[in-house]
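Okay, structure first, notes after.
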Amino acid sequence: MTTSQDFPQQGPQDDAAELSQWERFGVDTTTPHSARVYDYWLGGKTNFPPDRAMGQAIEQAVPSVKEMAKANRAFQGRAVRYLAREHGIRQFLDLGTGIPTSPNTHEIAEAVSPGTRVVYVDNDPIVLAHARALMVSSPASRTTYIHADLRKPEELFADPALTSTLDLTRPVGLLMIAVLMLIADEDDPWGRVAALRDALPAGSCIALTTPTQDFDPEAVGKVAEAARAGGMTLVPRSYDDVVRFFDGWELIEPGVAPVLAWRPDGEPPADPKAAYYWGGVAIKR
């Protein structure tokens, strides 16, 4: 059985020996991966040359993309705090969690209410290595990492690691932060999200973000083109497309909004559309 201690514990380097070590554990170091590109933008060290090349190519189209990534991450923090404080959510299912970047979901939630349970889900082996090593909860709480694909919700909800951590008869906070962009329209992301929503009980909440072309179609079109050229799916979506992800659930004010404008800390941003992401939170009544 492979454990997190078996993986390289330092950030990957450019030398062939280090890359080969990661490849032994199923990490494809030859093509970019969204989690590692995002890690690069956030200033992390767990990324490879193709990830940095992709990140830099996108920066050429959108020079402020690193700030946008930080704004997207900040939305996640505000949403988790809001759900824990205002709706009493004590369980979270974080899909597409990415490489751990503190504060993580469990750290944010535990600061509001110790005893929170969190299940993290991603499908990159490098996330597995770091998540199990770094996502350590407090004694009163519990975190679990599952290596799975959100496009297979039936398998996800049948996983013993999930069912032993979360009580699916009680409300769950479902997080999908900058992950639905990785599912092409022909793979029916709305149907996948509907299956996830249907598996959760009343009182559950969903928080999601996704990049959009609505604020700057030309720049975001170049981003999507750069991603395709690098072999990575990245689908920006319109306001109406994003609203569909919440179908049947009650959107919480201010509804689907630019992430910078969703319940900001302090003064409202001067330009709420400076980060090209829609975000929203909804509850199942």
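A quick note: this is a predicted structure, and the numbers were derived from the prediction, not measured. One-based numbering along the sequence shown.
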Shared hydrophobic cluster, Ile177 / Val235 (ILVMFWY, side-chain heavy atoms < 4.5 Å):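 Result: no, two separate clusters.
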
Aromatic rings Trp190 and Phe245: how do their planes relate, parallel, tilted or perpendicular, breaks at 30° and 60°?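 Geometry flag for Phe245 against Trp190: parallel rings.
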
Describe, in one word, how the ring planes of Tyr145 and His147 are oriented to each other, choosing from parallel (under 30°), tilted (30 to 60°) and perpendicular (over 60°).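 Ring orientation, 0 to 90° scale: tilted.
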
Donor-acceptor contact present, side-chain Asn123 to main-chain Ala148, <3.5 Å: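 Not at all, since once roles are kept as given, no pair shorter than 3.5 Å links the two residues.
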
What pairs with Asp185 under side-chain hydrogen bond (donor to acceptor under 3.5 Å, both in side chains), at least two apart in sequence or on another chain?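 With sequence neighbours excluded, Asp185 shows a side-chain hydrogen bond (donor to acceptor under 3.5 Å, both in side chains) to Arg237, given in chain and number order.
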
Does some side-chain heavy atom of Ile283 sit less than 4.5 Å from a side-chain heavy atom of Ile206?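 No, every pair of side-chain atoms sits at 4.5 Å or beyond.
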
Any Leu156 side-chain heavy atom under 4.5 Å of Leu95 side chain: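 Yes. Closest side-chain heavy atoms under 4.5 Å.
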
May I ask you to check whether over 12 heavy atoms, not counting those of Arg263, lie within 6.0 Å of atom CZ?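 Counting other residues, nucleotides and ligands, CZ of Arg263 exceeds 12 neighbours.
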
Stepwise ring-ring contact (aromatic ring centres under 6.0 Å, His included) check, His106 with Phe92: CA-CA 8 Å; His106 70 277; Phe92 289 89; over 10 Å; no

Lys66 NZ/CZ over Tyr40 ring centroid, <6.0 Å and within 45° of normal: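 Geometry flag: set, cation within 6.0 Å and 45°.
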
Ring pair (Phe, Tyr, Trp, His ring centres under 6.0 Å) pairs, two or more places apart, involving residues 195-216: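 As it turns out, the ring pair (Phe, Tyr, Trp, His ring centres under 6.0 Å) pairs with a partner in residues 195-216, which skip direct neighbours, are Phe215-Trp278.
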
Answer with yes or no whether the side chains of Ser102 and Glu107 bring together a donor and an acceptor at under 3.5 Å.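 The answer is yes; a qualifying pair exists.
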
